[in-house]
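What you see below is based on every heavy atom in this structure, not just the backbone, and it leaves out hydrogens, waters and symmetry mates. Remember, predicted model here, so these are calculated numbers, not experimental data.
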Amino acid sequence: MQEKVDIWFMQDSNTQTGRNIFSVIAGVLTSVILFLLAGLIFLLFIANTVNGHGEESNLEKASNPISISIIITTFICCALGGFVTGKVSTKKDLIHGSITAIVLIFLQAYISEFKFANNELINYLIILPFTLAGTLFAIWMKKESQVAR
């Protein structure tokens, strides 16, 4: 009698390569979609907070909390993108997490028009460890689920 085999988990090299490429794409898309949703929320918050134009607006009081919130949101989105990459990839999860981080750094640099001032460089470099932290968490969860079997 034949056993049912799930095609998604077949272990030939073409399937693994396709799944690993998909893992990077899925991680990047997860981060980008979360960035866009967070950006929309921040835009609505800012539009609701501002009471006028130019010097009449009271946006100066809210600018520091908004900046900190945007930075925290960026890192959460990167960690979730790395997590998705780590969960979907088959082997060498850290390499695929690193590729996801590099793509996210490139996208961040593209959005900021490749400015390389000190604060932009810090933002670019901090994306890498947060994405890899999400990937490491996914690796840990994979190992825990294998031990539980």
Leu80 and Val84, any side-chain heavy atoms less than 4.5 Å apart: no
Minimum side-chain heavy-atom gap Ser69-Phe45 below 4.5 Å: no
Residues in ring pair (Phe, Tyr, Trp, His ring centres under 6.0 Å) contact with Tyr110, at least two apart in sequence or another chain: none
For Leu40, the rest of its hydrophobic cluster, which grows through side-chain links under 4.5 angstrom: Leu44
Other cluster members, Met141 - Ile/Leu/Val/Met/Phe/Trp/Tyr, side-chain contacts below 4.5 Å: Phe83, Phe137, Trp140
Nearest-0.5 Å distance that lies between atom OG1 in Thr90 and atom NE2 in His96: 6.5 Å
For Lys92, all residues meeting salt bridge (charged side-chain N to carboxylate O under 4.0 Å, His left out), sequence neighbours excluded: none
Side chains of Phe106 and Phe114 in contact at under 4.5 Å (non-hydrogen atoms): yes
Hphob cluster co-occupancy, Leu104 + Leu136, side-chain heavy atoms under 4.5 angstrom: yes
Passing option when Cys78 is tested against Thr73, Thr131, Ile105, Leu128 for side chain to side chain contact (heavy atoms under 4.5 Å, CB included): Thr131
Only distances under 3.5 Å count here; give the side-chain donor-acceptor pairs of residues 27-37 to other protein atoms, sequence neighbours excluded, each with its distance to 0.1 Å.
unit_1	atom_1	unit_2	atom_2	d
Thr30	OG1	Ala26	O	2.7
Ser31	OG	Gly27	O	3.3
Ser31	OG	Cys77	O	2.8

Salt bridge (charged side-chain N to carboxylate O under 4.0 Å, His left out) partner of Asp93, the single match among Arg19, Lys142, Lys87: Lys142
Members sharing Ile122's hydrophobic cluster (side chains within less than 4.5 Å): Ile71, Phe75, Ile126, Phe130
Side chain proximity check, Lys143 to Ile139, heavy atoms < 4.5 angstrom: yes
Donor-acceptor contact present, side-chain Thr85 to main-chain Gly97, <3.5 Å: no
Shared hydrophobic cluster, Val103 / Leu121 (ILVMFWY, side-chain heavy atoms < 4.5 Å): yes
Verify same cluster id: Val24, Ile95 (apolar side-chain graph, 4.5 Å): yes
